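First the structure, in the form of structure tokens, and then the observations on it.
Just so you know, these numbers come straight off a predicted model, no measurement behind them.
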Amino acid sequence: MTRANTIFAFLLATLMAEAQPKFSKPHGLYSDRSITVAIEGTDVHYTLDGSTPTAASQRYTEPLHLEQSTVVRAVEVIGDSLSPVATATYIFTSSVLAQPDNPKGYPDTWGEYTQIWGTAIADYGMDPEMTGNRQLAQKIVKGLSDLPILSIVTDRDNLFSHEPDEETGGIYIFTGPPVGDATGHGWTRPASIELIGGPQKHDLSTTCGLRLHGGHGRLAEKNPKHSFRLVFKEKYGPKTLQYPVFGSGEPSKFDQLVVRCHFGNAWQHWSESNRTKAQYSRDVWARRMQRRISGLGINALYVHLFLNGMYWGLYNMAERVDEQFGKDHLGGKKSDIDVIKIEEDGGNHIEAAEGTLDAWEQMVSAVAGFPSDAPLQQLDSLLDIDAFIDYMLINQYGGNTDWDHHNWYAIRRRGDDSQGFRFLCWDTEIIFESARENVLSKNNGNAFPTGIFQNLLRNDDFARRYLRRAKELLAKDGLLGEQSVVEVWDSLYNTISGAIYAEAARWGDYRRDVHQWQSRGQLYTVDNHYMAERQRLLTEYFPVRTDNVLGYIMNYVDIDDFEAPDDWTKFTASMFHEWNGTGANAQPTATTVNTEWNLNNNVGGGGTVAGFSSVSYKLFADVSQYDKLVLRGTGSGLRILANRLTDHGPYKQIIVSFNSSDPYWDTALQAVVLPLADLKTAPTNEGRARNDSFVHINAMKVNSGSNANVTAAYLVPSAGTLDVAGVKSKSADGKFYNLSGQLVDRPSKGIYIVNGRKVVVR
């Protein structure tokens, strides 16, 4: 192309863009009986049925008088060229209430069923029992203005043509399900979209590619209300949408957006048990909760969807997890992003939706063979451990039963500073069903979140970190405590509580009046069904669910999650030796000894927890340099035997139990805290007084008739003393003091005194 031709093409494109027709009335929701719309332009041609206008379309000569919901599409003709199409959707509330079952020009059947015989009966209308009820009609009208309107406009045949043609077939007829006839999968059609009004006062008009989205929700017999995906490519308009769909402070560039229909636990679902649990908030709750807990979750915006001016129901728009999503939320470039998902077509299998599977397979392999005693830092660049724990706890709290054989994403940013894969809640619709649901033992294999979780639980550090986080999130005041959970839940209810009346009128009658598979439904209403399920959740589920899940976790994860301060020393089997004497100056010999070590095991009466079952005077652990012995565990009758000086001679003994009745029990630490000085001054087993200058522990054994399980043992140096006498009286000022009573400006990990109470800083 010559320079002159290039300049001409640029000027022509600019002229075309500027020549795009403009409407005198803004698109939106109108309660007026009629409006008049003028179109600004020189030679304007328009359509009123959603079809794309051409030079052969009706020529504009005078303002349009509109008395019902109408989509106006217009172009300006300049020579042999056409301007970009301008689209404006005018929704009349009266038209929504009167929306018929048989709109002119639309087919009375949709696609063929896949898993049963027959063809789907088309359903366009609003239920007259609801719209004809004056009070309900008022609520429907009011609810229409509670949310933004998403208007999708495209040639009717792009949606509803029965021609099985890849270029001209209707995507609502040939839905491309993952099972059966996959005709239609991936078919994309040009469309105009408008995001209008709502509390955020949206005002967006643009063009994009339109395709169906989802898995089994594409099956006509299972779900007549399908989800869509908006695809932004130069072929259909802007290469990238640049608009703050989810508000200020959130990403505003999108290559794709998903318009989710709410399939599981919704009124149009094929299962009666699903329909009666309809709330339209479960999936969004999981995504919002993940954002609240971990900082990263998939954005959502509730909308009223209109197709070519017809009301289609309550939907939520969501970010698509792709390269642009990764760039916006994780940083780097689009080419740095790996996205892993379950692809349901052809059977559920894991694929890289973006990037490659290389790092994923490396992570899965590393986790599958991860040793129980390996430091978790070895996985830092492969898997974000803390975010993974939060993700699992959200799904475990919800009792997610439609997961993880599908319905999840994992995403990472490549590079030397990669934080590894992060999992994202997605399609979390089958949750909050039974307050007693327990999915902790679920395991779908090494390459699935539940398999990764089970493999990591074999690692002690992960198990402790998971248990600590569970206790934190599932505490009464935790982010998965009742108050926080209901706070997020109610924020969604308050968003859609009015809008849900329109959804009920659109789809609440489908399983009663249109297609009754698998069972004949009812006329599902807000007052009779939606509010009953909401009440069940608020009174029977949320109040008990937190404690239930924490109890399941405590029973399932058999490990002591206590995190000792940095200056404590773990009491280990390697501290036991044979010594060349019994005094303070004794030295260990090179002789190998067979120490009994049964920590984390339930030991019965007469059994040995640590040390030697035969209390020999030359076999011991020298702990003289420490100030205290801290023991965590359960049971009673644990004997600490020490300071035997001659073969078969007397020894010191203190017996402790792991409960508040024991004088050495520390409630804040939930541990026995034994001052080692007490062993120095304790009388011998023969009842004779003797003061020693050392502490040599020969064994820990269990009293006859008792049981004990010591889960952890620590030695505390003198500088880390737990003697808080005098500290409580001066620490009621909100400041941090160490356990020696010294003020700490910037507390690191450890145990401190704040306002007279011990607190643990992790």
Side-chain angles (χ1 to χ4, degrees), residues 372-373 460 558-560 562 564 568-582 586 588-624 626 628-659 661-665 670-676 678-680 682-687 690 692 694-716:
S372 63
D373 57 351
D460 290 348
D558 185 19
I559 197 166
D560 183 2
F562 180 74
W568 289 14
T569 299
K570 186 174 288 189
F571 186 50
T572 65
S574 63
M575 293 180 176
F576 287 93
H577 303 282
E578 179 185 81
W579 300 74
N580 63 6
T582 58
T589 71
T591 302
T592 300
V593 296
N594 295 318
T595 308
E596 293 195 46
W597 193 256
N598 289 304
L599 265 67
N600 282 311
N601 291 316
N602 189 53
V603 178
T608 302
V609 173
F612 306 96
S613 57
S614 177
V615 185
S616 170
Y617 74 104
K618 290 196 295 185
L619 299 175
F620 56 82
D622 184 5
V623 296
S624 306
Y626 297 101
K628 289 178 176 63
L629 173 66
V630 178
L631 301 170
R632 287 176 55 83
T634 58
S636 61
L638 181 67
R639 304 167 60 205
I640 294 97
L641 308 174
N643 292 13
R644 171 166 264 177
L645 303 184
T646 60
D647 196 16
H648 304 295
Y651 54 85
K652 305 288 188 76
Q653 173 178 274
I654 291 178
I655 302 175
V656 298
S657 296
F658 295 98
N659 56 62
S661 65
D662 191 275
Y664 294 110
W665 181 254
Q670 290 292 289
V672 168
V673 178
L674 176 65
L676 293 175
D678 286 9
L679 281 170
K680 295 179 180 179
T684 68
N685 63 311
E686 297 174 340
R690 194 182 79 198
D692 298 325
F694 52 84
V695 179
H696 297 161
I697 295 179
N698 302 100
M700 295 184 194
K701 304 182 75 172
V702 179
N703 245 351
S704 177
S706 298
N707 286 275
N709 184 352
V710 180
T711 56
Y714 304 94
L715 294 161
V716 183

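For the atom pair CG of D558 and OG1 of T711, the computed distance is 9.0 Å after rounding to the nearest 0.5 Å. Taking CG of L641 as the start and CG of N685 as the end, the distance is 9.0 Å to the nearest 0.5 Å. Considering CG of L676 and OH of Y626, their distance stands at 10.5 Å, rounded to 0.5 Å. Within the model, atoms OG1 of T582 and CG of L645 stand 5.0 Å from one another, a figure rounded to the nearest 0.5 Å. Between atom CG of residue L679 and atom CG of residue L629 there is a gap of 8.0 Å, rounded to the nearest 0.5 Å.
In terms of heavy-atom proximity, A708 sits nearest to S636 at CB-O, 3.9 Å. The heavy-atom pair separating M575 from H577 by the smallest distance is O-CD2, 3.3 Å. Of all heavy-atom pairs between N659 and G635, the closest is ND2-O, 4.5 Å.
In the model, S616 has no side-chain atom that pairs as donor or acceptor with a side-chain atom of S614 under 3.5 Å. Side-chain N/O atoms of D622 and S624 include a donor and acceptor closer than 3.5 Å.
At least one donor-acceptor pair under 3.5 Å links the side chain of N643 to the backbone N or O of H696. Proximity of a side-chain donor or acceptor of W579 to a complementary backbone N or O of F620 within less than 3.5 Å is detected. At distances below 3.5 Å, at least one donor-acceptor pair connects side-chain atoms of K652 with backbone N or O atoms of R690. A donor-acceptor pair under 3.5 Å is absent between the side-chain atoms of T591 and the main chain of E578, judged by distance alone. R632 places no side-chain N or O within donor-acceptor distance of the main-chain N or O of D560, the cut-off being under 3.5 Å. N703 places no side-chain N or O within donor-acceptor distance of the main-chain N or O of G637, the cut-off being under 3.5 Å. Judged by distance alone, with hydrogens and angles left aside, the side-chain atoms of R639 form no donor-acceptor pair with the main-chain N or O of I654 at under 3.5 Å.
Ring planes of F576 and F612: perpendicular class, angle over 60° (limits at 30 and 60°).
Looking only at side-chain heavy atoms (C-beta outward), W665 and S657 stay at 4.5 Å or farther from each other. Put simply, the side chain of K701 does not reach to within 4.5 Å of the side chain of L638, judged on heavy atoms. Considering only heavy atoms from C-beta on, K618 stays 4.5 Å or farther from N698 through its side chain. Looking at D373 and D460, their side chains never come closer than 4.5 Å, going by heavy atoms from C-beta outward. A heavy-atom distance below 4.5 Å is not found between the side chains of F694 and V623.
Ring centroids of Y651 and Y617 are separated by 6.0 Å or more, keeping the two rings apart.
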Worksheet item: Which is it for V593 and L619 under the side chain to side chain contact (heavy atoms under 4.5 Å, CB included) test, yes or no, and what are the steps along the way?
Response: CA-CA 8 Å; V593 296; L619 299 175; 3.8 Å; yes

Discussion item. Applying side chain to side chain contact (heavy atoms under 4.5 Å, CB included) to L631 and V673, what does each step give before you reach the verdict?
Written reply: CA-CA 7 Å; L631 301 170; V673 178; over 6 Å; no

Discussion item. Between L715 and W568, does the side chain to side chain contact (heavy atoms under 4.5 Å, CB included) criterion hold? Intermediate values first, please.
Written reply: CA-CA 6 Å; L715 294 161; W568 289 14; over 6 Å; no

Discussion item. Go through it in stages, so that I can follow the logic: the residues are V630 and F571, the test is side chain to side chain contact (heavy atoms under 4.5 Å, CB included), and I'd like the CA-CA distance, side-chain angles, deciding distance and then a yes or no.
Written reply: CA-CA 9 Å; V630 178; F571 186 50; over 6 Å; no

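The residues K680 and D692 are annotated as not salt-bridged, no charged nitrogen and carboxylate oxygen being separated by less than 4.0 angstrom.
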Extract all donor-acceptor atom pairs below 3.5 Å that involve side chains of residues 595-606 and protein atoms in other chains or at least two apart in sequence.
| unit_1 | atom_1 | unit_2 | atom_2 | d |
| --- | --- | --- | --- | --- |
| E596 | OE2 | S613 | OG | 3.2 |
| N598 | ND2 | T608 | O | 2.8 |

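D647 CG: more than 12 foreign heavy atoms inside a 6.0 Å radius.
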